[in-house]
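To start, the structure under review is shown below, and the notes come after it.
By convention in this document, chain letters (A, B, ...) are assigned in the order of the sequence lines, proteins followed by strands, and residues within each chain are numbered from 1.
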Amino acid sequence: MLEELNNKQKEAVLYNDGPLLIIAGAGAGKTKTLTTKIAYLIEHEHISPYSILAITFTNKAAKEMQERVINLVGEYAKNMQISTFHSFGLRVLRENYDELGYDRNFVIMDSDDSLTVVKKILKELDLDPKMFNPNAIRNKISSCKNEMISPREYERFASSEFEKVVLEVYTKYEDKLKKNNSVDFDDLLILPIKLFKNNDDILDKYQERFKYILVDEYQDTNQAQYILTKLLASKYRNICVVGDENQSIYSFRGANYRNILNFEKDYKEAKVIKLEQNYRSTENILDAANSVIKNNSSRKDKNLWSDKGKGDKIIYFRSYDEKDEAHYVARNIKKLLDSGKSADEIAVLYRTNAQSRTIEEEMLKENIPYRVVGSFYFYSRKEIKDLMAYLRLIHNSKDNVSLTRVINSPKRGIGLKTIASLNEKADRLGVSIYEAIDSGKELEFKNTIEDLKKVSENVTLTELIDKVLDTTGYRKELESEGTLEADIRLENLEEFKSITRAFEDRDGLISLEDFLFEVSLVSDRDEYQDGANKVSLMTIHAVKGLEFNDVFVVGLEEGIFPHMNSLMENSELEEERRLMYVAITRAKERLYLINARRRMLYGKDSINPPSRFIGEIDSNLIESSEEKKEEATVKINKEENFYTEEQEWNVGDYAYHDTFGAGRVVEVSGSLVSVAFKMPYGIKKLMKNHKSLKKV
DNA sequence: CTGCGTGGCATTTTT
DNA sequence: TGCCACGCAG
């Protein structure tokens, strides 16, 4: 078992007495170390799998880890608990819903549902959603919850008008969820904490059960996850966390990489082991990653190295526009495929989902097999959400969110007015909307659901779905539409049935309850399957933990990557840089960095200077693509026709100069502007309308 | 209540 | 650019 490990990894596997922090750089064999460690605990330390809790970042990672441990020690290992924080929280909740004041059949609301609730509350409060962005409010509520700030506590912080609105919405939001017998994602972490804090005996039970706790991707834990871990580990202190602060990319949803930097303060007796040998990438790629990340200030010292040799240089290509960029990517992927490389080993990475579109079009044109991971994933499609809402309603009729979603879909002549008055009645009587229904077309709807409830007791889940689609008229409505779009929706519903069937094949019968819970926590990344023999298109956030021979990073422009919204705060810029670090370290053999001189953005043409991250890579590691030179000359000639119109300049504007690169206007006088460029150029006086100077 | 058209608008990353 | 909210006519 230990043979395949290096010394550091071995040390990490063998140390099982007390807190352990494993600092593992990208590609340093972290998963291997963790799985071997678990296997070792079971086989050599004779720890019951039942006492082991391992937390991973995705459900898929959990499943893989479990499989690998089973391979090492056999089926016996099935009894261990490997899950994400959220699934673990759900499990605790299902075992203790009563103490927390929920009904057995509570439901989980996804972020879309939460947003719907927030919008609804704004309406009830008669607040203009244009003045108070529902999304921003939802995010604020979520971050409060993740930092364990209750509405009552938030009262002390809320001073601005926006915050006061948040406070009001937050209070109502919590109230509504409870009344709906539903919980949101954040509750899955917070409610267990509440439970443990208020019931020593229950906490003790879980501490006794999970004597060994392992947490992967520790740099991405938020406050709630941190506390949850701490509570569980505080008795036996056998806690092992693994992470890399350079790969912390989720602070926007409350992750705090300092949790990893502070581990040694929390556990004074902690042992620290660094895994610094990278088994994934060539030296050039690693050097590039290191030279980028060293521009960040707060990090633990770490020195990633590889014995794979220098390898190919990093290829940089500056395209004319986003179409040209996509074309370049497609052409080079074609070359790779023609030379016998597998599509599985190629990835195109971008900062924002919106960028996938152009790439996708080009892949279609060039007939390259591809898949887009994430973005518009299966469970967020309208027809799937509708079907899910029906199923939830059958399971828990108090679920007002699901009810309002489907009460008029397919059309039943129940409009906004009817729903509003039902809502009001329900509020008045202190019951759910479902319970408040007693007449009209609504009653027909209610009867349909009642019938389905009875049906659900005697049929399999897959059969139930057919019944739902038929008796509600949902299928019929789609069929009568006859559009291509409707056909796709029908196909998706069939696809959904094959998922439920797979569940049934796996576990025999699956109950509606188990299914709803299982499905509400699948993420888009969980859909990612190996061996599809397709090129992967995904955001850098989605690619974490994966690796490819050839990686194309597109859109490396100021304002896109690093993203516009992160330029003001240094901490946010550093997060973008970590994102760049993650992107680079996905590549095993070849890395392509690409950007566009101009690009359509929000319907407008915009010109962006190259990303600063490119400049941070030692230039001797980079080779400019050959194609660049030919194309660039052609394109530059083209460009000259475009930019001769008057340019208005103001102090503070960002500018881009063909020779001097990115700069910022420091003075405007007459027909001249003074622009501060990066060293060695410094401040230059230039003609306002010169072709070489563009506003960014 | 429903369907259609328009105009205004915001656009990061997601368990 | 594409989505969504809104207003209007049937």
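Between A:Lys382 atom NZ and C:dC4 atom P the separation is 12 Å, expressed in whole Å. The distance between atom CG of A:Leu573 and atom C1' of B:dT12, rounded to the nearest whole Å, is 14 Å. The distance from atom CG of A:Asn139 to atom C1' of B:dT15 is 13 Å, rounded to the nearest whole Å. In this structure, the CZ atom of A:Phe85 is 15 Å from the P atom of B:dT15, given to the nearest Å. Per the geometry, CG belonging to A:Asp112 stands 15 Å off P belonging to C:dC3, to the nearest Å. Rounded to whole angstrom, the span from the NZ atom of A:Lys411 across to the C1' atom of B:dC4 amounts to 13 Å. What separates CG of A:Leu416 from C1' of B:dG3 is a distance of 14 Å, to the nearest Å. In this structure, A:Leu601 places its CG atom 16 Å from P of B:dA10, rounding to the nearest Å.
Straight-line distance between the P atoms of C:dC6 and B:dT11: roughly 16 Å, to the nearest whole Å. Taking atom P in both C:dC4 and B:dT13, the straight-line distance is 15 Å, to the nearest Å.
Between A:Gly413 and A:Ser142, the residue anchored closer to the 5' end of DNA chain B is A:Gly413, taking for each the nucleotide with the nearest heavy atom. In terms of position on DNA chain B, the residue among A:Thr418 and A:Glu575 whose nearest nucleotide sits closer to the 5' end is A:Thr418.
Of the listed nucleotides (B:dT12, B:dC1, B:dT15), B:dT12 has the atom at the smallest distance from the side chain of A:Asn565. The side chain of A:Tyr250 sits closest to B:dT14 out of B:dT14, B:dT12, B:dT15. Between B:dT15, B:dT13, C:dT1, one nucleotide has an atom nearer to the side chain of A:Met600 than all others, and that is C:dT1.
The shortest distance between the side-chain N/O atoms of A:Asn133 and the OP1/OP2 oxygens of B:dA10 is not below 4.0 Å. For B:dT14, neither phosphate oxygen OP1 nor OP2 lies less than 4.0 angstrom from any side-chain nitrogen or oxygen of A:Asn222. Put simply, A:Thr58 has no side-chain N or O that comes within less than 4.0 Å of OP1 or OP2 on B:dT15. In this structure, A:Lys119 does not reach the C:dC4 phosphate: none of its side-chain N or O atoms is under 4.0 Å from OP1 or OP2. Residue A:Asn135 places none of its side-chain N or O atoms closer than 4.0 Å to OP1 or OP2 of B:dT12. A sub-4.0 Å separation between OP1 or OP2 of C:dT1 and a side-chain N or O of A:Arg357 is absent. Taking 4.0 angstrom as the limit, A:Ser566 places none of its side-chain polar atoms (N or O) nearer than this to OP1 or OP2 of B:dT12.
More than 12 heavy atoms of other residues, nucleotides or ligands shown are found within 6.0 angstrom of CZ on A:Arg94. The environment of CZ in A:Arg412 is crowded: more than 12 heavy-atom neighbours from other residues, nucleotides or ligands sit within 6.0 Å.
Applying the ring-ring contact (aromatic ring centres under 6.0 Å, His included) test to A:Tyr581 and every residue at least two apart in sequence or in another chain returns nothing.
The aromatic rings of A:His86 and A:Phe185 lie perpendicular to each other, with more than 60° between the two planes, well past the 30° mark.
Residue side chain A:His86 reaches the base of B:dT15 through a donor-acceptor N/O pair under 3.5 Å, judged by distance alone.
Considering A:Tyr218, A:Tyr257, A:Phe57 in turn, A:Phe57 is the only one that fulfils the ring pair (Phe, Tyr, Trp, His ring centres under 6.0 Å) rule with A:Tyr250.
Contacts of A:Asn408 with the nucleic acid, taken as non-hydrogen atoms under 4.0 Å apart, involve only primed sugar atoms and P, OP1 or OP2.
For the pair A:Asn146 and A:Gln223, the tightest heavy-atom approach, listed with the atom from each and the gap, is O-CB, 3.3 Å.
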